[in-house]
Amino acid sequence: MGIKIYNTFTSQKEDFIPLEPDRVGFYLCGPTVYDYFHLGNARPFIVFDVYRRFLIYRGFQVKYVMNVTDVDDKIINRAQKEGVSVAEIAARYTQAFFEDMEKLGIHRADVHPKATEHIPEMIELIQKLLEKGYAYKIGGDVYFQVEKFRKYGRLSGKNLEELKAGARVEVDERKRNPLDFALWKAAKAGEPCWESPWGKGRPGWHIECSAMSMKYLGETFDIHAGGEDLIFPHHENEIAQSCAATSKKFARYWMHNGFLNIQGEKMSKSLGNFLIAREVVKRHRPEVIRLFFLQKHYRSPINYTEEILRQTANALDRLQNTLQNIEYYLKDSPQGTDVAHDQIQQGSEFSRLVQYSKREFIKAMEDDFNSAAAIGKIFEMAKEANRIMEKGELSKVDQFALADFRRMLLEYDQFLGILPGKDGLKKGEGDEDALVALLVQVREELRKKKEWSLADRIRNKLKELGYIIEDRREGSVWYKV
RNA sequence: GGCGGCGUAGCCAAGAGGUUAAGGCGACGGUCUGCAAAACCGUUAUUCAGCGGUUCGAAUCCGCUCGCCGCCUCCA
């Protein structure tokens, strides 16, 4: 069946065939470290990490690269405003970036190259472009000449005429075409700079992604991803530079996520309508934030409201409760391991649903990473699982299927990251656990004696301490919030 | 002005020509329960922004209209 990916470059869904069988080179445009990243920035970080982990789950060997832009106008501005060095700003927010990523359950990339550590590679690339006649010098600046690259505008579906007509760019008279972009910027006083054949200066923004992606993934690689707003000019320029320099195809599949909207508008730093990701994680569990993004297809815009996040939290609770119920149910059972083989073959209604939905889940994920549809399948199974547990008396086959469903959830969670721990019931530290367990046990006995007020007092008090007791038909369960 | 996208129940959302339009949240009624919670059952879209067209058949394709958004400047 195979994986299909919507490729921005061709504007259609294509079969995903990596350059080398079973190996994937995957590049995601990372942060410019001049501030904390906001919830909108978190979307690509979360979803593409999930897709990368899904590819790994499907047996691909993935090399995932995400850059850190640590030299740029914004960082310089910020440093000047605070009266500290550029390096200090960059270091501070690079650290914050990794902290926030971890809080959100996003795995580290295999490589997080920093722009400032790849200046020689960029210089080499610019040199090549000059040699090949795609770039020109003005003073200490070097520009890419867009007219020399015939396919300029292909990714964004624009042509030079249209772009010129709509140009809102301030025209620099020295440039041959207003759309020509800087590969190298001559040094200004007080700005970080490096030696180059064209004098001291620093790289333009676009060149770093070309230089670093090609260094770590090769001149041609599989997937290049980022937010929709990077299509033009950033990715367009990357393609121009890279292809011009190497005469080879650059990225083969271009993936772009839709925006996070807030009150009907794109969340962005410049509009000032943003929520810092690290603040949002204080109010909502990271699993909720992840599910919020995964419940919508990545290419569609997604709307943010507190109400939607609450709905997501409730949905997640339902799933986690189901898992808890299953844990509880299977605790004392042999998990169906002694089921006769032919019984499994024959199955039950539930076991057939699990088998079917597993396939449907994978199918949805393989169809341009439709995590929203895939997660729908999980909820369908959860509903059925609850239903059969409600009936009590489970057949061996159902027990087996229940265990299978549980196993499957934990397996999928390797890339979804929406379940709290490796088992459903989150507990506290060792000694604490024993004490709470004892209290719960004592309370059970009180309940048997119908000492309701004392039993309720224990439940209420423990709740204040962060332990939730639920009296289920099978007995009391407890967990830490 | 140019280019692109979107509009599915009270809310979120999948579906992209052919069985009763997934799933979640919420609400209401019921079951279970000492209570609470969880869970279950039932109800909640004769219809997919509107109007036309193509087709045996359209939420899905085409045209127009309305509404919203994005890109064309730094942006995920």
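Side-chain atoms are counted along with the backbone in the values below, which use heavy atoms only and exclude waters and symmetry mates. Just so it is clear: chains get the letters A, B, ... in the order the sequence lines come, proteins before strands, and each one is counted from 1.
Between the side chain of A:Gln311 and the base of B:C11 there is at least one donor-acceptor pair of N/O atoms closer than 3.5 Å. Put simply, the side chain of A:Lys266 and the base of B:C75 share a donor and an acceptor less than 3.5 Å apart. Interface remark: the A:Arg318 side chain does not form any donor-acceptor pair with the B:G24 base, using a distance-only criterion of under 3.5 Å. Between the side chain of A:Asn314 and the base of B:G24, no donor-acceptor pair under 3.5 Å is found. Within 3.5 Å, no donor on the side chain of A:Asn41 pairs with an acceptor on the base of B:C75, nor the reverse.
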Exercise for the section: Go through A:Tyr93 and A:Tyr36 one step at a time and tell me if the ring-ring contact (aromatic ring centres under 6.0 Å, His included) criterion holds. Expected result: CA-CA 6 Å; A:Tyr93 291 109; A:Tyr36 300 117; 5.2 Å; yes

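B:C40: Watson-Crick or G-U partner is B:G30, with both key distances under 3.5 Å. Of all nucleotides present, none satisfies the Watson-Crick or G-U wobble test against B:A16 with each distance under 3.5 Å. Pair check for B:C3 finds B:G70; Watson-Crick or G-U wobble, both atom distances under 3.5 Å. Under the Watson-Crick or G-U wobble criterion, with both distances below 3.5 Å, B:A76 is left unpaired in every strand shown. Using Watson-Crick or G-U wobble geometry with both donor-acceptor distances under 3.5 Å, B:G63 finds its partner in B:C51. Pair assignment for B:A22 gives none, since no Watson-Crick or G-U wobble pairing has each distance under 3.5 Å.
Residue contacts for A:Pro233: at a heavy-atom cut-off of 4.0 Å it reaches the sugar-phosphate backbone alone, with no base atom in range. A:Lys74 comes within 4.0 angstrom of a base, heavy atoms only. Residue-level contact check: A:Glu307 touches neither bases nor backbone, having no heavy atom under 4.0 Å from any strand. Within 4.0 Å of A:His297, counting heavy atoms only, lie sugar-phosphate atoms of the nucleic acid but no base atom. Among the protein residues, A:Phe292 comes within range of no part of the nucleic acid, since none of its heavy atoms lies under 4.0 Å from any strand. Contact annotation for A:Leu271: no contact, since no heavy-atom pair falls under 4.0 Å across all strands. Among the atoms of the strands shown, base atoms are found under 4.0 Å from some heavy atom of A:Gly40. A:Asp73 comes within 4.0 angstrom of nothing in the nucleic acid, heavy atoms only.
Within 6.0 Å of the NZ atom in A:Lys103, the count of heavy atoms belonging to other residues, nucleotides or ligands exceeds 12. Around atom CD of A:Glu102, no more than 12 heavy atoms belonging to other residues, nucleotides or ligands sit under 6.0 Å away.
Contact annotation: A:Arg459 side-chain N/O to B:A37 OP1/OP2 distance is not under 4.0 Å. Considering only side-chain N and O atoms, A:Trp478 lies nowhere under 4.0 angstrom from the phosphate OP1 or OP2 of B:A37. Taking side-chain N and O atoms only, A:Lys448 has no distance below 4.0 Å to OP1 or OP2 of B:G34. Distances shown here put a side-chain N or O of A:Asn386 below 4.0 Å from the OP1 or OP2 atom of B:C40. The phosphate of B:C11 (OP1 or OP2) has no side-chain N or O of A:Asn303 nearer than 4.0 angstrom.
Closest approach to the A:Lys158 side chain among B:C12, B:G2, B:C35 is made by B:G2 (side chain taken as heavy atoms from C-beta onward). Comparing atom distances between the A:Phe232 side chain and each of B:C74, B:C71, B:G15 picks out B:C71 as nearest. Out of B:A38, B:A76, B:C12, the shortest distance to the side chain of A:Ile308 is found at B:C12. Closest contact between the side chain of A:Lys383 and the listed nucleotides B:C75, B:G24, B:G34 involves B:G24. The side chain of A:Asp471 sits closest to B:G34 out of B:G34, B:A14, B:A76. Of the candidate nucleotides B:C12, B:G23, B:C41, B:C41 has the atom lying nearest to any side-chain atom of A:Arg387.
Contact check for A:Arg290 versus A:Leu416: no side-chain heavy atoms found under the 4.5 Å cut-off.
The nearest whole Å value for the distance from the CG atom in A:Asp72 to the C1' atom in B:A76 is 14 Å. Spacing between atom CD of A:Glu265 and atom C1' of B:C69 amounts to 10 Å, rounded to whole angstrom units. Distance A:Met267 CE to B:C71 C1': 19 Å, rounded to the nearest Å. Counting to the nearest Å, the P atom of B:A39 and the CD1 atom of A:Ile388 are 16 Å from each other. Rounded to an integer number of Å, the gap from CD1 of A:Ile468 to C1' of B:A39 is 17 Å. A:Lys296 places its NZ atom 19 Å from the P atom of B:G23, with the value rounded to the nearest Å. The interatomic distance linking A:Phe293 (CZ) with B:G24 (P) rounds to 22 Å, in whole Å. Atom CZ of A:Arg447 and atom C1' of B:A36 are 10 Å apart (whole Å).
Cation-pi geometry between A:Lys13 and A:Tyr6 is not met at under 6.0 angstrom from the ring centre and within 45 degrees of the axis. Cation-pi contact between A:Lys63 and A:Tyr27: absent, since separation from the ring centre below 6.0 Å together with deviation from the ring axis within 45° is not met. With a 6.0 Å cutoff to the six-membered ring centre and a 45° limit on the axis angle, A:Arg43 does not count as a cation-pi contact of A:Tyr298.
Spacing between B:U47 and B:G2 at atom P, rounded to whole Å, works out to 37 Å. The separation of B:U65 from B:G7, taken at their C1' atoms, amounts to 14 Å, rounded to a whole angstrom. Nucleotides B:A27 and B:A22 place their P atoms 23 Å apart, quoted to the nearest Å. Look at the C1' atom in both B:G53 and B:A58: the space between them is 11 Å, to the nearest Å.
With no hydrogens or angles considered, a side-chain donor-acceptor pair links A:Glu99 and A:Gln95 at under 3.5 Å.
Within the 6.0 Å centre-distance limit, the rings of A:His256 and A:His235 are counted as a close aromatic pair.
In this structure, the aromatic ring of A:Phe379 is not positioned over the six-membered ring of the base of B:G23 within 5.5 Å between centres and 30° between planes.
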